Amino acid sequence: MTITQYECQACGWSYPPQSDIQSDTQLDTQPLAFADLPSSFSCPLCGAGKTEFVPVQATDSSDQHLSMKTAADDIVIIGAGLAGWAVVDALRAQDDIVGITLVTADSGARYHKPMLSVAFSQNKTAKDLMRASGEDASDKANITLLSHTTVHFIDSHNKVIKTDKGDVAYANLVLAMGATPAIPPCFSDLPEQEIWHINHIDSFHNIQQALSNTDVSTDSKHIAVIGAGMVGTEIAEDLTKAGHQVTLLDTNDTPLAMMLPSIVTDIIKEALEAQGIEFLGGSRVDAVERTPKGGYQLTITCCDSGKQQVITVDNILISTGLKVDPRLPNTAGINTDNALGIEVDEGSLQTQVPHIYAIGDCMSIGGIACRYVAPLRAQAATIAAHILGQQQPHYIHQAYIHKPPMIRLKNKSISISATGTPRADESHGQWRVVSDTQSETSQDMLLEQVTDAGEVVATLTVKQPL
Ligand SMILES: Cc1cc2nc3c(=O)[nH]c(=O)nc-3n(C[C@H](O)[C@H](O)[C@H](O)COP(=O)(O)OP(=O)(O)OC[C@H]3O[C@@H](n4cnc5c(N)ncnc54)[C@H](O)[C@@H]3O)c2cc1C
């Protein structure tokens with residue numbers, strides 16, 4: 001039976017959730033069809049409205065896969081995040097026998113990463129967030145999973161990858177190895193495990209475990225969240241709602257200051273402060289020292305005046321952006337920019353080295369990294385079609401055309417969503433307020449960013465509950 005799933009374009013959450021589809025054969029009640037959901041339905045993860053969902057095809061376990069009987073040799077995918085698994089799904093949607101090996105440094109478990117920035121306040125554990133273990137997911141997809149296996153060399157001449165558990169040959173290789181947190185130098189003296197960050201379910205698990213030993217009614221933690229981009233802003237609110245005291249720091253004067261105009265970021269700052277978050281804008285952490293009680297003392301410098309202050313916190317969580325480790329792609333001669341990642345050809349998502357593709361957080365197109373969930377499905381379909389098409393001339397390979405995904409902040413204190421490529425920098429386009437209305441329950445604004453030539457490059461909606 002084929003079930004039509006609908007995916008939220010902002011955060012990738014899908015209706016009905018995967019677990020309902022897998023278990024619906026045992027359930028008496030089928031999940032309500034998407035069309036029958038009320039028009040007031042919104043994404044439970046990010047709050048996007050019903051109209052922001054698009055249909056995608058999902059299959060249940062009783063479906064027969066197409067048997068294209070391709071002769072393509074093994075496809076090896078490095079990385080089992082949303083990008084790596086999206087490639088598995090896309091390949092299996094077209095070919096049920098081609099050999100697929102998924103090599104990953106983690107357990108290979110399937111989980112929806114955007115959940116990680118809203119899960120503390122919901123008392124979720126890492127186990128609650130897992131959709132399937134690596135073993136179950138790889139059995140279901142009929143692939144070979146090499147979990148807890150790190151790739152350290154790509155021999156593109158002989159088409160072999162070298163891992164800490166031995167060599168694996170490939171005919172086509174997909175790099176889906178993600179990006180890692182960029183940690184500011186002042187934290188480099190502290191052991192890695194003491195600097196919290198949330199870019200993986202394992203790091204979420206460690207923090208969740210540490211916080212679960214805390215009785216927030218008597219002993220809440222004071223956590224410094226460094227970096228007020230989307231992830232830092234969401235996590236600051238989530239930890240606050242979970243009962244902890246949060247100081248959010250950023251070198252800019254307001255949260256999300258690189259992306260959105262100050263008229264909006266001022267409102268976001270107010271909304272966060274109204275939640276009890278202390279926001280230290282225009283502030284740079286210059287030094288960190290452990291305290292005898294097991295906390296940390298941060299020396300913070302005001303970027304404008306140079307004046308310093310010291311704050312003491314129990315924990316530090318970094319959300320200052322991502323970087324791509326160039327060492328692995330460099331072994332294959334693939335140029336990799338530390339900040340942007342691996343440059344690929346837009347149409348095929350192939351790197352400069354034939355038979356090596358890249359997808360997800362580790363890659364960029366035309367000098368722009370796109371670290372969002374929504375484009376992954378189309379990117380994975382392109383890679384699958386391109387790889388399988390090498391053996392099957394009748395495959396039609398549609399060139400991938402990158403469109404900026406919808407962006408939506410998952411904060412509950414304020415609703416922000418954007419389309420296009422919003423940037424605070426007005427040389428990219430002037431921001432103008434299209435409408436600003438107030439109802440009994442909310443203040444609603446619509447803004448556009450317009451270039452000198454009159455092109456609208458971004459739209460922004462802001463809904464502030466009153
Ligand atoms: C807290 C948070 C909230 C987010 N919210 C949203 C949102 O609301 N909407 C949205 O669109 N996006 C959101 N994002 C971004 C989105 O989740 C990511 O863009 C996406 O999940 C990246 O997936 P990936 O597979 O490329 O990378 P990853 O999930 O990082 O996966 C990389 C994989 O590669 C493996 N690996 C790395 N190096 C090696 C190696 N040498 N050998 C073997 N394996 C290796 C790792 O073990 C891992 O399995 C959020 C991100 C975070 C952190």
Side-chain angles (χ1 to χ4, degrees), residues 7-13 43 45-48 52 76-88 101-120 129 134 137 145-154 161-165 168 173-181 196-204 207 225 227 229-236 238-239 317-319 321-329 331 341-342 358-364 369-377 379-380 404-411 416-418:
E7 188 176 82
C8 170
Q9 291 179 84
C11 71
W13 184 87
C43 173
L45 178 50
C46 74
E52 308 301 347
V76 173
I77 301 164
I78 303 175
L82 287 170
W85 278 112
V87 177
V88 171
T101 302
L102 182 58
V103 188
T104 184
D106 57 20
S107 72
R110 290 191 85 151
Y111 71 100
H112 193 61
K113 194 186 272 193
M115 290 288 304
L116 300 183
S117 50
V118 295
F120 292 115
L129 299 180
L145 175 69
L146 302 180
S147 59
H148 304 293
T149 304
T150 301
V151 183
H152 54 80
F153 195 90
I154 302 166
I161 57 167
K162 296 184 181 298
T163 82
D164 53 0
K165 298 198 179 140
V168 182
L173 180 66
V174 183
L175 305 177
M177 56 197 210
T180 50
W196 289 355
H197 53 78
I198 303 204
N199 190 42
H200 194 273
I201 198 158
D202 293 344
S203 54
F204 170 85
I207 301 169
V225 176
M230 288 186 74
V231 170
T233 301
E234 290 174 359
I235 286 175
D238 194 45
L239 289 168
L317 191 148
I318 304 281
S319 57
L322 297 172
K323 63 179 170 46
V324 176
D325 187 342
R327 286 173 299 181
L328 181 62
T331 61
I342 301 162
I359 181 171
D361 281 6
C362 67
M363 71 85 164
S364 61
C370 176
R371 294 178 178 147
Y372 294 100
V373 175
L376 292 177
R377 193 181 290 269
Q379 291 171 356
M406 183 188 182
I407 300 167
R408 199 175 162 90
L409 200 63
K410 296 197 286 294
N411 288 57
I416 302 279
S417 62

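Note that ligands are numbered from 1 as they come in the structure, with each ligand's atoms numbered from 1 the same way. Everything numeric here is computed off the predicted structure, so don't read it as measured data. Values reported hereafter were calculated over all heavy atoms of this structure, with side chains retained and with hydrogens, waters and symmetry mates removed.
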Any atoms of ligand 1 less than 4.0 Å from a non-hydrogen atom of [X]? List them with their elements.
X	result
Asn199	53 (C)
Gly360	26 (O)
Ile198	1 (C), 53 (C)
Lys410	3 (C), 4 (C), 5 (N), 6 (C), 7 (C), 8 (O)
Arg371	15 (C), 19 (O)
Ile78	42 (N), 43 (C), 44 (N)
Gly81	25 (O), 29 (O), 31 (O), 33 (C), 49 (O)

Is it true that a side-chain atom of [X] and a backbone atom of [Y] form a donor plus acceptor pair closer than 3.5 Å?
X	Y	result
Asn411	Thr233	yes
Glu52	Gln9	no
Arg408	Gly47	yes
Trp196	Val225	no
Thr150	Ala105	no
Thr331	Ile154	yes
His112	Cys11	yes
Asp238	Phe120	yes
Glu234	Lys410	yes
Lys113	Asn199	yes

Are any of the side-chain heavy atoms of [X] and [Y] separated by less than 4.5 Å?
X	Y	answer
Ile235	Ser319	no
Val373	Trp13	no
Cys8	Leu45	no
Leu322	His197	no

Decide whether an N or O pair under 3.5 Å exists between [X] and ligand 1.
X	value
Cys11	no
Val151	yes
Leu82	yes
Thr104	yes
Lys113	yes
Leu376	no
Val231	no
Tyr111	no

Considering only protein heavy atoms, which is closest to [atom], and at what distance to one decimal place?
atom	answer
atom 19 (O) of ligand 1	Asp361 OD1, 2.6 Å
atom 9 (N) of ligand 1	Ala10 O, 3.0 Å
atom 35 (C) of ligand 1	Gly79 CA, 3.6 Å
atom 25 (O) of ligand 1	Ala83 N, 2.9 Å
atom 11 (O) of ligand 1	Val373 N, 2.7 Å
atom 38 (N) of ligand 1	Met177 CB, 3.7 Å
atom 13 (C) of ligand 1	Pro114 CG, 3.8 Å
atom 27 (O) of ligand 1	Gly178 CA, 3.4 Å

Quick one: which of Asp106, Leu409, Ile161, Ile201 has a heavy atom closest to atom 46 (C) of ligand 1? Asp106
Among Ser147, Ala179, Ser117, which residue places a heavy atom closest to atom 1 (C) of ligand 1? Ser117
All side-chain contact (heavy atoms from CB on, under 4.5 Å) counterparts of Thr149, not counting sequence neighbours: Val103, Leu146, Thr163, Asp164, Lys165
Side chain or backbone of [X] under 4.0 Å from ligand 1, or both, or neither, by non-hydrogen atoms?
X	result
Ala176	backbone
Cys362	neither
Thr149	backbone

Apply side chain to side chain contact (heavy atoms under 4.5 Å, CB included) to residues Val76 and Val151 and explain how you reach the verdict. CA-CA 11 Å; Val76 173; Val151 183; over 6 Å; no
